[in-house]
Amino acid sequence: MRTAQLTRTTKETDIRLTLALEGGAVNVSTGIGFFDHMLTAFAFYGGLGLELSVKGDLEVDGHHTVEDVGIVLGQAMKEALGDRKGIRRFASAFIPMDEALSFTALDFSNRPFLVFEAEMPQPMIGTYDSCLTEEFMRAFVVNSGLTLHMKCHYGKNAHHITEALFKSLGVAVKEAVQITGTGVTSTKGVL
């Protein structure tokens with residue numbers, strides 16, 4: 001089983017996370033309802049098991065909680081992938097959500113890079129700052145060693161745009177982490 005279990009405690013957040021690439025229960029509690037919904041959708045469409053409990057300084061705002069979850073989830077993904085032998089590595093997905101259409105292309109290259117093009121028409125989605133989606137993705141990318149390109153082609157509702165982004169990430173991750181061979185998927189022989 002490709003799994004990871006991590007904790008991270010700072011003055012701003014206390015995070016406990018268990019990730020299983022082959023699936024399992026999904027229980028997410030960050031204190032930000034919409035973010036819980038997004039992480040649950042990501043894990044569901046990614047075929048992942050995800051147990052996540054967060055206590056953050058939400059009296060300040062959601063930034064530290066969202067970014068720190070990205071850090072820990074990225075670290076867990078990196079640990080669970082191990083030497084990355086046999087994984088498909090590349091994947092992409094278009095996901096529509098009502099009027100919004102979002103796209104994700106990714107490469108578990110061990111070279112972190114983020115291209116994020118998604119304008120958010122509304123600044124808030126419940127108690128979630130819509131600008132935090134990019135912060136989460138950046139933290140996840142840097143800590144997992146992922147090259148990630150995300151684009152919302154069009155959309156008028158920040159909820160729909162964000163949900164399509166998280167779902168497309170899940171669908172692409174599910175495909176990219178599949179074991180399809182025995183060696184490293186690289187002409188260099190190492191990732």
Side-chain angles (χ1 to χ4, degrees), residues 1-6 15-54 56 62 65-81 87-108 114 116 118 120 125-128 130 132-141 143-144 146 148-153 155 157-180:
M1 287 290 287
R2 296 177 297 163
T3 63
Q5 189 170 7
L6 295 171
I15 300 174
R16 311 233 178 283
L17 183 146
T18 302
L19 176 68
L21 298 187
E22 272 71 46
V26 177
N27 294 301
V28 176
S29 177
T30 67
I32 305 170
F34 181 74
F35 190 44
D36 291 354
H37 179 45
M38 293 302 94
L39 292 170
T40 299
F42 162 70
F44 177 84
Y45 289 100
L48 306 170
L50 179 62
E51 299 277 347
L52 174 63
S53 173
V54 184
T65 296
V66 173
E67 184 177 33
D68 287 5
V69 167
I71 290 169
V72 176
L73 185 59
Q75 291 170 344
M77 182 67 71
K78 186 170 192 154
E79 183 178 317
L81 284 170
I87 65 167
R88 180 179 175 138
R89 182 180 159 183
F90 303 99
S92 61
F94 275 101
I95 296 292
M97 177 81 183
D98 295 345
E99 87 299 342
L101 179 65
S102 293
F103 174 72
T104 292
L106 57 79
D107 174 9
F108 278 104
L114 176 65
F116 186 91
M120 297 294 170
I125 308 166
T127 60
Y128 178 84
S130 58
L132 293 180
T133 300
E134 185 172 3
E135 296 301 322
F136 168 81
M137 297 302 174
R138 183 176 297 108
F140 179 65
V141 159
N143 288 278
S144 64
L146 178 65
L148 178 63
H149 292 242
M150 302 189 100
K151 181 176 180 72
C152 175
H153 287 274
N157 182 301
H159 182 134
H160 298 158
I161 291 166
T162 304
E163 189 161 347
L165 289 168
F166 273 90
K167 286 178 177 177
S168 66
L169 178 64
V171 169
V173 164
K174 182 177 185 175
E175 186 176 337
V177 302
Q178 287 179 0
I179 302 294
T180 59

(message) Per the salt bridge (charged side-chain N to carboxylate O under 4.0 Å, His left out) rule, what does the pair list look like for residues 67-77, sequence neighbours excluded?
(response)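 Only R8-D68 qualify under salt bridge (charged side-chain N to carboxylate O under 4.0 Å, His left out).
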
(request) Give every residue pair that meets the salt bridge (charged side-chain N to carboxylate O under 4.0 Å, His left out) criterion with at least one member in residues 24-53, sequence neighbours excluded. (result)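 Every candidate salt bridge (charged side-chain N to carboxylate O under 4.0 Å, His left out) pair involving residues 24-53 fails, so no pair, neighbours aside, qualifies.
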
(request) Identify which one of I15, V54, L19, N143 satisfies the side chain to side chain contact (heavy atoms under 4.5 Å, CB included) criterion when paired with V72. (result)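 When I15, V54, L19, N143 are each tested with V72, the side chain to side chain contact (heavy atoms under 4.5 Å, CB included) holds only for I15.
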
(request) Using side chain to side chain contact (heavy atoms under 4.5 Å, CB included) as the criterion, point out the one residue from L165, V28, V26, L169 that pairs with F42. (result)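 So the option named by the test is L169.
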
Going by side chain to side chain contact (heavy atoms under 4.5 Å, CB included), name the residues that satisfy it together with [X], two or more places apart in sequence or in a different chain.
X: Q178; result: T180
X: H37; result: F34, H159, E163
X: S92; result: F103, A105
X: D107; result: R89, F90, S109, R111, T147

(message) According to side-chain hydrogen bond (donor to acceptor under 3.5 Å, both in side chains), who are the partners of S102, at least two apart in sequence or on a separate chain?
(response)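 Scan of S102 (side-chain hydrogen bond (donor to acceptor under 3.5 Å, both in side chains), adjacent residues dropped) gives none.
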
(message) Going by the rule side-chain hydrogen bond (donor to acceptor under 3.5 Å, both in side chains), which residues pair with T104 if we only count those two or more places apart in sequence or in a different chain?
(response)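 Checked T104 against side-chain hydrogen bond (donor to acceptor under 3.5 Å, both in side chains); matches are S168.
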
Closest non-hydrogen atom pair between [X] and [Y], with its separation:
X: G62; Y: I32; result: CA-CD1, 3.8 Å
X: V177; Y: F108; result: CG1-CE1, 3.7 Å
X: A91; Y: A172; result: CB-O, 3.2 Å
X: A76; Y: L6; result: N-CD1, 3.3 Å
X: E79; Y: T3; result: OE2-O, 4.3 Å
X: I161; Y: A118; result: CG2-CB, 4.4 Å

[X] [atom1] to [Y] [atom2] distance, which is reported to the nearest 0.5 Å:
X: E135; Y: I71; atom1: CD; atom2: CD1; answer: 10.5 Å
X: I125; Y: T162; atom1: CD1; atom2: OG1; answer: 3.5 Å
X: I87; Y: I179; atom1: CD1; atom2: CD1; answer: 7.0 Å
X: Q5; Y: L17; atom1: CD; atom2: CG; answer: 9.0 Å
X: T133; Y: M120; atom1: OG1; atom2: CE; answer: 4.5 Å

(message) If the condition is ring pair (Phe, Tyr, Trp, His ring centres under 6.0 Å), which residues does F166 pass it with, not counting sequence neighbours?
(response)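 Testing F166 for ring pair (Phe, Tyr, Trp, His ring centres under 6.0 Å), a comparison that skips the adjacent residues, returns F136.
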
(request) Could I get the full list of ring pair (Phe, Tyr, Trp, His ring centres under 6.0 Å) partners for H153, not counting sequence neighbours? (result)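 Only F94 meet the ring pair (Phe, Tyr, Trp, His ring centres under 6.0 Å) criterion with H153.
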
(message) Tell me whether the count of non-hydrogen atoms from other residues, nucleotides or ligands lying under 6.0 Å of CZ in F44 goes above 12.
(response)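 Open.
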
(request) Please test F140 against L114 for side-chain contact (heavy atoms from CB on, under 4.5 Å), starting from the C-alpha separation and ending with a verdict. (result) CA-CA 10 Å; F140 179 65; L114 176 65; over 6 Å; no

(message) Side chains of L52 and L39, heavy atoms from C-beta outward: is any pair under 4.5 Å?
(response)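 Sidechains of L39 and L52: in contact.
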
(request) Give the C-alpha distance, both sets of side-chain angles, the deciding distance and a yes or no for side-chain contact (heavy atoms from CB on, under 4.5 Å) between V69 and F35. (result) CA-CA 10 Å; V69 167; F35 190 44; 3.9 Å; yes

(request) Step by step, work out the side-chain contact (heavy atoms from CB on, under 4.5 Å) result for M77 and V173. (result) CA-CA 10 Å; M77 182 67 71; V173 164; 4.0 Å; yes

(message) Run L21 and L48 through side-chain contact (heavy atoms from CB on, under 4.5 Å) and show every step you take.
(response) CA-CA 5 Å; L21 298 187; L48 306 170; 3.9 Å; yes

(request) Please answer whether the main-chain N or O of K174 pairs with a side-chain N or O of Y45 as donor and acceptor at a distance below 3.5 Å. (result)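 A pair under 3.5 Å: no.
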
(message) If the condition is salt bridge (Lys or Arg N to Asp or Glu O under 4.0 Å), which residues does E134 pass it with, not counting sequence neighbours?
(response)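 Checked E134 against salt bridge (Lys or Arg N to Asp or Glu O under 4.0 Å); matches are R138.
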
(message) Can you list everything that forms a salt bridge (Lys or Arg N to Asp or Glu O under 4.0 Å) with E99? Sequence neighbours excluded, please.
(response)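 Partners of E99 by the salt bridge (Lys or Arg N to Asp or Glu O under 4.0 Å) criterion come out as none, since no residue qualifies.
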
